[in-house]
Chemist: 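Right, I'll just put the structure down here and ask away after.
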There are 2 protein chains.
Amino acid sequence: MEAKFKHVSNLIEKDIASGIYDETQKLLTEDEFIIKYKVSRNTIRRAIDLLVKRGVALPVQGSGIYLRKKRLGQPINLENLRGLTYYLGDHNVSSVILDFKLIPADNKIVDLMHCELDTPTYYVHRLRKLDNKPYCIEYSYYNKDLIPYLDNEIINGSIYNYIRNDLKKTINFIDEVISANVLTKEEADLLGLKENEPAIICENTSMFKTGTIFNYCYSVFNYKETKFLKMTNTA
Amino acid sequence: MEAKFKHVSNLIEKDIASGIYDETQKLLTEDEFIIKYKVSRNTIRRAIDLLVKRGVALPVQGSGIYLRKKRLGQPINLENLRGLTYYLGDHNVSSVILDFKLIPADNKIVDLMHCELDTPTYYVHRLRKLDNKPYCIEYSYYNKDLIPYLDNEIINGSIYNYIRNDLKKTINFIDEVISANVLTKEEADLLGLKENEPAIICENTSMFKTGTIFNYCYSVFNYKETKFLKMTNTA
DNA sequence: TATAATTTGTCCGTATGTATA
DNA sequence: TTATACATACGGACAAATTAT
């Protein structure tokens with residue numbers, strides 16, 4: 001059962017997406033939302049907080065709650081953890097599996113995933129495509145003690161949906177580290193760039209609620225086409 | 001007057017920094033904090049929320065509130081908007097001003113800062129150093145209609161502190177966009193790297209509460225030494 | 001294994017403060 | 001100045017997850 005404030009937040013976001021606030025650029029007031037959804041002020045405020053976090057809404061004390069203008073160039077919002085499939089909505093997402101095997105954890109993996117040496121680990125290396133154009137190169141590791149089974153079919157779809165829907169587990173924390181590096185020959189070929197050109201790297205570490213790491217993923221993006229966005233409120 | 005939950009959050013963070021929770025890795029319970037600070041449960045929970053956002057604390061339902069292990073390599077936390085000075089604590093921060101002038105906004109600036117053409121704009125180009133070693137190259141623009149005065153002294157210190165303490169204005173939103181690019185000859189020389197090597201770029205757009213942009217800043221970092229971290233809770 | 005106690009998560013209601021219009 | 005609307009803070013009740021018994 002989904003929490004009420006999350007549910008209401010999603011309802012409001014759907015209304016926003018439908019464009020009903022586009023003209024005024026102003027959402028309903030808290031009191032109006034309270035009546036509309038028959039919830040407490042607390043709940044509405046938590047729902048709005050989520051929209052603020054997602055960079056969608058902007059409450060102004062004494063005035064109202066406004067839409068936040070979208071940025072140009074469509075950078076990847078680091079707050080959006082719903083995966084490529086969701087984020088890229090109307091685009092065609094596919095992937096080519098370059099390698100897939102079960103290996104014992106070496107020192108590097110132990111370090112990255114805080115697991116024991118020789119822990120059985122799925123290694124997945126794939127090229128992800130967007131509208132049939134190379135989009136990013138993934139090197140991903142899954143702790144088999146936590147994710148007991150993976151196969152080609154699962155890998156071809158959304159692994160995160162598999163974890164959520166089939167394993168019934170909840171991903172609670174993701175650390176995302178952004179850096180830059182030079183492209184290897186193989187990576188350059190896959191992305192249609194040249195060796196030693198820059199690459200922008202996103203390293204994701206995914207954890208369950210107690211902080212156990214089930215996945216580490218190193219992704220290489222085309223630096224000419226990819227930016228990452230973090231929106232912050234200091235309030 | 002600072003909000004109570006922020007104040008309490010800072011007090012708790014100081015206790016964490018002092019190491020008093022290092023042994024158990026477990027903070028006090030909500031009820032214990034309520035007694036200690038004589039505040040409501042709501043206030044304590046908001047204080048803890050801030051610590052969670054900063055990646056410092058990790059509440060576990062039914063169990064307690066735990067310290068979150070620090071990451072290796074000390075990446076720059078994108079949630080930390082307190083500036084270099086705060087973040088790098090015991091290090092020596094300095095800067096070399098490479099250019100500083102008042103210019104009318106051109107089309108590029110208009111686009112980035114959503115201002116009118118020819119708006120008077122301070123342009124600041126500086127090299128920031130950490131322990132006397134080149135750390136990043138900044139190209140920064142300030143809307144003079146919003147930041148009416150800047151001089152060398154202010155620029156040499158923390159501009160953000162000047163805005164907070166002297167102009168008495170509150171920075172409410174910062175959009176941070178991370179990308180990669182190739183270094184220009186000038187940038188490479190300044191950072192001790194070679195032309196066309198990768199650079200990791202952080203573009204900051206800073207806004208006051210109503211969303212008006214007062215600053216756009218393009219920063220070039222040494223890709224060998226700099227990473228950016230985003231910690232996310234899906235809960 | 002089952003139950004109770006502990007602890008955080010969600011939700012409600014109310015009152016007051018502060019910024020905006 | 002007044003009314004509107006969001007921000008802060010308090011209190012209580014119950015649910016859900018974990019831990020101890």
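In the text below, chain A, chain B and the rest are named by the order of the sequence lines, each starting its count at 1. Just the heavy atoms: all of them, side chains too, but no hydrogens, waters or symmetry mates, feed the values below.
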Chemist: For the helix from C/dA2-D/dT21 to C/dA21-D/dT2, what is the angle between the axes at its two ends, each from 5 pairs, rounded to 10°?
Modeler: 10°
Chemist: Using atom CG of B/L51 as one end and atom P of C/dT8 as the other, report the distance to the nearest whole Å.
Modeler: 13 Å
Chemist: Rounding to an integer number of Å, can you tell me how far A/L50 CG sits from C/dC11 P?
Modeler: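 It works out to 11 Å between those atoms.
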Chemist: Could you state the atom-to-atom distance from CG of B/D31 to P of C/dG9 in whole Å?
Modeler: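 Result: 13 Å.
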Chemist: Atom CD of A/E2 to atom C1' of D/dA15: distance rounded to whole Å?
Modeler: 16 Å
Chemist: Which heavy atom of A/L28 sits nearest a heavy atom of A/Y21, and at what distance?
Modeler: CG-OH, 3.8 Å
Chemist: Atom CD1 of B/I34 and atom P of C/dG9: how far apart are they, to the nearest Å?
Modeler: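 Atom CD1 in B/I34 sits about 13 Å away from atom P in C/dG9.
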Chemist: Are B/F221 and B/F228 an aromatic pair, judged by ring center distance below 6.0 Å?
Modeler: yes
Chemist: Calculate the interatomic distance between B/L28 atom CG and C/dT7 atom P; express it in whole Å.
Modeler: 11 Å
Chemist: Which atom names give the shortest non-hydrogen contact between B/K227 and A/S179, and what distance separates them?
Modeler: CG-CB, 3.8 Å
Chemist: Indicate, with yes or no, if the rings of A/F173 and A/F208 have centres closer together than 6.0 Å.
Modeler: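 When the ring centroids of A/F173 and A/F208 are compared, they turn out to be at least 6.0 Å apart.
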Chemist: Can you give one letter per nucleotide of nucleotides 12-21 of chain C, 5' to 3': B if a protein heavy atom sits under 4.0 Å from the base, S if only from the sugar-phosphate, - if neither?
Modeler: BS---BBBBS
Chemist: Between C/dT7, D/dA7, C/dG9, which nucleotide has the shortest distance from any of its atoms to the side chain of B/R45?
Modeler: C/dG9
Chemist: Would you be so kind as to tabulate the donor-acceptor pairs closer than 3.5 Å made by side chains of residues 141-148 of chain B, with sequence neighbours excluded?
Modeler:
residue: B/Y141; atom: OH; partner: B/K108; partner atom: NZ; Å: 3.4
residue: B/N143; atom: OD1; partner: B/D145; partner atom: N; Å: 2.8
residue: B/K144; atom: NZ; partner: B/P148; partner atom: O; Å: 3.2

Chemist: Tell me which one of A/K36, A/R46, A/R45 satisfies salt bridge (Lys or Arg N to Asp or Glu O under 4.0 Å) with A/E30.
Modeler: A/R45
Chemist: Ignoring backbone atoms, establish whether B/R46 has a side-chain N or O less than 4.0 Å from OP1 or OP2 of D/dA9.
Modeler: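 So the side-chain polar atoms of B/R46 never come under 4.0 Å of the phosphate oxygens OP1 or OP2 of D/dA9.
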Chemist: Round to the nearest Å and state the distance from A/E30 atom CD to D/dT8 atom C1'.
Modeler: 12 Å
Chemist: What integer distance in Å separates A/I65:CD1 from D/dT4:C1'?
Modeler: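 Atom-to-atom, A/I65 to D/dT4, this comes out as 13 Å.
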Chemist: Listed by chain and number, what are the side-chain hydrogen bond (donor to acceptor under 3.5 Å, both in side chains) partners of A/D31, not counting sequence neighbours?
Modeler: none
Chemist: Partners of B/E138 by salt bridge (charged side-chain N to carboxylate O under 4.0 Å, His left out), sequence neighbours excluded?
Modeler: B/R126, B/R128
Chemist: For A/Y139, what residues pass the ring-ring contact (aromatic ring centres under 6.0 Å, His included) criterion, not counting sequence neighbours?
Modeler: A/H125, A/Y218
